[in-house]
Structure formats: structure tokens, C-alpha cells
Amino acid sequence: MNEQKIVEIDTVKIKKRLKQRKAKMKMSLSVCARCTLCADSCFLFNNNNKDPKYMPSYKFINSIGRIYKRRGKVDRAALEKIREIVWKDCVLCTRCYCPFGIDIPDMIAFARSICREQGVYPTFED
Amino acid sequence: MEILNLITSDLLYDLARGPLVWISFLILILGTIYRTVKLFSFTRKKKNAWPVSLPKKKAPDGDTDKSAPLIPKWKFTVFGAHPVMISVSTVFHVILFIAPIFLLAHNIMLDEAVGFSLCSFPEKVTDYMTIVFLVCGLFFLLRRIFIARVRAISSVYDYIIWCITVAPFLTGFLSYYQVFDYKTMIILHMLSGELMLAAAPFTKIFHMVFFFFGRFVLVTQHTIGKGSRTW
């Protein structure tokens with residue numbers, strides 16, 4: 001019942017979606033100073049031996065950042081990796097703090113919506 | 001060959017101290033205006049946003065645990081979490097702005113060029129400032145190389161931006177003390193400074209503007225004040 005429907009990745013649609021939110025996404029990615037001051041505001045980071053993969057900036061750069069860098073030309077394997085980041089490593093509690101005011105949760109939510117649109121999302125068995 | 005080298009270095013020197021200065025300032029000013037206007041055009045005035053601060057109502061005495069130790073408010077801020085990083089960062093950014101603006105040599109040149117100059121710090125003060133700046137820069141570099149969490153999100157681009165930011169200060173210091181060949185060093189100083197100015201609006205250095213926009217103008221959970229715009 002929970003089996004995921006395998007659909008072809010529609011890169012044109014991803015590109016279109018990126019275009020809709022381009023301004024905020026591009027600005028957020030370009031001004032991130034990679035300072036890592038957001039790290040300690042994430043409870044998952046603090047409760048996983050401070051593993052860098054749980055840092056809000058790491059999740060945002062490696063999810064929507066990766067999709068944007070490739071201008072939407074991502075394959076299923078890449079989206080599946082992003083799925084792990086945006087669903088397993090982040091619960092969208094929206095508590096992350098960025099000294100510059102980058103809206104990291106919104107960026108992660110955007111990456112989720114792109115993945116979901118392409119049929120890549122977590123199932124109950126995961 | 002030597003004559004050719006002399007001509008090239010003279011040409012580069014004249015170029016760096018002349019048109020390139022104005023071009024880089026023009027790029028900095030117009031680029032910053034362009035990107036700031038874009039920031040405003042991407043956002044809109046907030047309407048019916050929920051209150052970002054809670055009403056200031058004192059809790060009744062019975063609700064507070066008097067035996068609990070009082071933790072100062074600042075301990076819960078980013079300064080409380082990273083006091084060293086925030087202190088170093090603040091010093092680094094303040095010097096980055098004030099040292100070149102109030103440097104005696106820069107002001108003398110400004111006076112010669114336009115007949116107007118700002119006040120200047122004594123040279124010893126700007127010297128110490130530069131040393132402190134370089135130490136702060138080294139701190140950032142070592143942090144980027146050796147701390148796992150910073151290394152995890154660092155790319156070649158971050159190191160390039162670090163070089164662009166630190167190079168004008170390092171070359172300026174070396175040229176002032178005439179370490180290595182003075183002319184080469186002063187040309188490098190001017191070129192690196194111009195590169196930093198021109199790069200500022202179009203690279204991550206633009207966080208100099210976005211910081212104020214993101215923290216004071218945009219309405220988010222961490223807005224300082226009320227904020228007035230949303231994406």
C-alpha cells in the first residue's frame with residue numbers, strides 16, 4: 001500500500017518550480033557565509049554527537065542548494081539522497097537560527113515539495 | 001627585457017592607482033544599490049503578520065521558581081553559545097570597515113585626488129588593527145580547515161573569498177614595511193583591494209547588506225524589532 005510509485009524525473013518541471021522561488025533561494029544560497037553558527041540551534045545536531053550532516057546549513061546547501069546548482073537536472077538517485085536529508089535529518093521544527101536571517105526551514109520545505117512532486121518521499125517502511 | 005618589465009609594471013601601477021580604483025568603487029556602489037533594490041522588489045510589505053513579540057506582562061510571583069538559579073539572558077543568545085567566534089567575528093568586521101576608511105595613506109591620496117579627506121587614525125593604531133585583523137583572519141582559516149562542522153560545508157569558493165578579503169590587508173601591511181619588492185607589493189595591494197570592492201555585491205560578501213535586511217527588515221522568528229517586509 002505504501003509502495004512508492006516510480007515515476008520518471010521531470011527535470012523541466014523541477015526547473016519551472018525553481019524559477020518560481022528563484023529570488024529567495026538564490027539570495028539565501030549566495031549570502032550564506034558557511035559560518036556554522038546555525039549548528040547548535042538544531043536539536044538533531046546536538047543529539048547526534050554533533051554530526052555535521054545535521055547542521056541546518058548542511059541540510060539546506062545539500063538539498064535545495066544541490067538541486068539549484070544543477071539547475072534542476074537531477075536524477076532519481078540524487079533526489080533520493082536529498083529525500084534522506086530533508087525528511088530523515090530534518091523534522092522542520094523551524095527552530096534553526098541563522099545570524100543573517102536566512103529562512104532555512106522554508107528552503108528545506110521547498111526541497112521537500114520538489115521531491116514529493118517527483119514521487120520521491122519517505123514511506124512508512126523507511 | 002628589463003625595459004619591458006618596467007613598462008608593464010609602470011602601466012599596471014598607473015592602471016591600478018587610476019581607473020581601476022574608480023571602476024571598482026563604481027561596481028561596489030552600483031552593484032550594492034542594484035542588489036538592495038532587488039531585495040526590496042523580491043519582498044513585499046507585511047500584512048496582518050502575527051505578533052512577533054509576546055505581550056510584556058509580568059508573570060505572577062507564584063509562577064516563578066525562586067530557588068532556580070538566575071541565568072543571564074545573554075547566555076541564550078548566539079554570543080552565549082559561541083563567545084569566541086562572535087567576538088572574533090565582530091572585531092574582524094569592524095576593522096574591515098574602519099581601518100581602510102580611516103587610514104592616513106588612503107586619506108592623503110583621497111585629498112590629492114578630490115581635495116577632500118576624512119579624519120585618520122595614527123599610523124600605529126591602524127598598524128595594530130591590521131595585525132589584529134590578520135590574526136582574526138587566521139582564526140577563520142584554521143576554523144575552516146580543522147573544525148569538522150565548518151569543513152563539511154566549505155568549498156574552494158569559501159577559501160577564494162577568504163583570500164579576497166584578507167589579501168588587501170596582508171599586502172598593505174607588507175608594502176608599508178617594504179617587505180619584499182615594494183612596487184610589486186603595492187600593485188598587489190591595490191589590485192586585491194579593487195578585487196574585494198568589485199566582488200562584494202556579487203559574492204557571499206553581500207551578507208554585509210543582507211545581514212541588516214534579514215535581521216531588521218524581514219519578518220522572521222529572529223527579527224530584531226518588528227520587521228516590515230516578508231518574502
Side-chain angles (χ1 to χ4, degrees), chain A residues 19-46 48-66 68-69 85 89 92-110, chain B residues 35-36 38-44 76-82 85-86 88-90 92-93 140 143-144 147-155 157-159 161-162 165 200-224 227 229-231:
Chain A
K19 217 175 163 185
Q20 286 169 357
R21 306 279 302 275
K22 195 180 167 188
K24 184 176 183 179
M25 184 180 53
K26 202 177 160 189
M27 187 61 78
S28 307
L29 285 164
S30 78
V31 296
C32 174
R34 270 74 165 161
C35 63
T36 70
L37 288 176
C38 56
D40 293 287
S41 64
C42 179
F43 76 90
L44 282 167
F45 173 81
N46 287 316
N48 283 287
N49 299 318
K50 300 201 183 268
D51 185 343
K53 78 169 188 161
Y54 291 99
M55 280 191 306
S57 49
Y58 180 92
K59 291 180 259 190
F60 138 75
I61 292 164
N62 287 290
S63 58
I64 198 67
R66 200 175 284 179
Y68 179 70
K69 208 172 170 186
I85 295 170
D89 301 345
L92 272 190
C93 68
T94 75
R95 302 302 296 169
C96 36
Y97 163 84
C98 169
F100 302 107
I102 296 172
D103 192 353
I104 301 173
D106 187 50
M107 291 293 105
I108 292 176
F110 184 40
Chain B
R35 290 208 73 192
T36 310
K38 276 263 170 199
L39 261 180
F40 277 89
S41 73
F42 294 149
T43 53
R44 57 195 155 81
F76 299 106
T77 65
V78 70
F79 181 75
H82 301 279
M85 169 66 180
I86 299 299
V88 172
S89 181
T90 309
F92 178 87
H93 287 90
F140 286 135
R143 193 174 172 270
R144 205 165 276 292
I147 296 184
R149 65 166 87 165
V150 194
R151 201 170 51 234
I153 53 166
S154 297
S155 62
Y157 174 70
D158 298 296
Y159 290 99
I161 296 294
W162 182 88
T165 318
F202 305 105
T203 57
K204 72 172 185 176
I205 305 174
F206 189 65
H207 67 245
M208 64 181 179
V209 172
F210 190 85
F211 168 77
F212 295 101
F213 190 81
R215 295 304 299 274
F216 294 94
V217 182
L218 279 178
V219 181
T220 66
Q221 201 174 8
H222 304 290
T223 308
I224 300 166
R229 300 185 80 81
T230 51
W231 283 100

Original post:
Checking B/S155 against chain A: side chain, backbone, both or neither under 4.5 Å from a heavy atom?
Top reply: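 Contact with chain A is absent: no heavy atom of B/S155 under 4.5 Å.
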
State the [atom1]-[atom2] distance between [X] and [Y], to the nearest 0.5 angstrom.
| X | Y | atom1 | atom2 | value |
| --- | --- | --- | --- | --- |
| B/T77 | A/Y97 | OG1 | OH | 8.0 Å |
| A/I102 | B/H222 | CD1 | NE2 | 12.0 Å |
| A/C35 | B/I86 | SG | CD1 | 7.5 Å |
| A/C32 | B/H207 | SG | NE2 | 10.0 Å |

Original post:
Which of residues 20-28 of chain A have a heavy atom under 4.5 Å from any heavy atom of chain B?
Top reply: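 The residues closer than 4.5 Å to chain B, in numerical order, are A/A23, A/K24, A/M27.
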
**OP:** Not counting sequence neighbours, which residues clear side chain to side chain contact (heavy atoms under 4.5 Å, CB included) with B/F212? List them please.
**Re:**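 With sequence neighbours excluded, B/F212 shows a side chain to side chain contact (heavy atoms under 4.5 Å, CB included) to B/F216, given in chain and number order.
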
**OP:** Heavy-atom distances under 4.5 Å only: say whether A/C38 touches chain B with side chain, backbone, both or neither.
**Re:**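 Neither part, no heavy atoms under 4.5 Å.
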
Original post:
If you tally heavy-atom pairs under 4.5 Å against chain A, which of B/F211, B/F202, B/F213 wins?
Top reply: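 Ranked by heavy-atom pairs under 4.5 Å with chain A, first place is B/F211.
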
Original post:
For chain B, which of A/L29, A/D51, A/V31 has the most heavy-atom pairs under 4.5 Å?
Top reply: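 Of the options given, most contacts go to A/V31.
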
Original post:
Out of A/C98, A/A33, A/A39, which one racks up the most heavy-atom pairs below 4.5 Å with chain B?
Top reply: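 With the most close heavy-atom pairs to chain B, the winner is A/A33.
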
Subject >> side chain to side chain donor-acceptor pair (under 3.5 Å) partner of A/T36, chosen from B/R151, B/H82, B/R143 >> reply: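 Result for side chain to side chain donor-acceptor pair (under 3.5 Å) with A/T36: B/R143.
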
**OP:** Identify, with sequence neighbours excluded, every residue that meets salt bridge (charged side-chain N to carboxylate O under 4.0 Å, His left out) alongside A/K50.
**Re:**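 Counting only residues at least two positions away or on another chain, A/K50 forms a salt bridge (charged side-chain N to carboxylate O under 4.0 Å, His left out) with A/D40.
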
**OP:** Only counting residues at least two apart or in another chain, list the ones meeting salt bridge (charged side-chain N to carboxylate O under 4.0 Å, His left out) with B/R144.
**Re:**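 B/R144 satisfies salt bridge (charged side-chain N to carboxylate O under 4.0 Å, His left out) with no residue once adjacent residues are dropped.
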
Subject >> Minimum heavy-atom distance between A/G101 and B/R215, given as atom pair plus value >> reply: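 Minimum heavy-atom contact is N-CD, 3.7 Å.
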
Original post:
Quick one: are A/F45 and B/R149 in side-chain contact, heavy atoms under 4.5 Å?
Top reply: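 Result yes, sub-4.5 Å side-chain heavy-atom pair found.
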
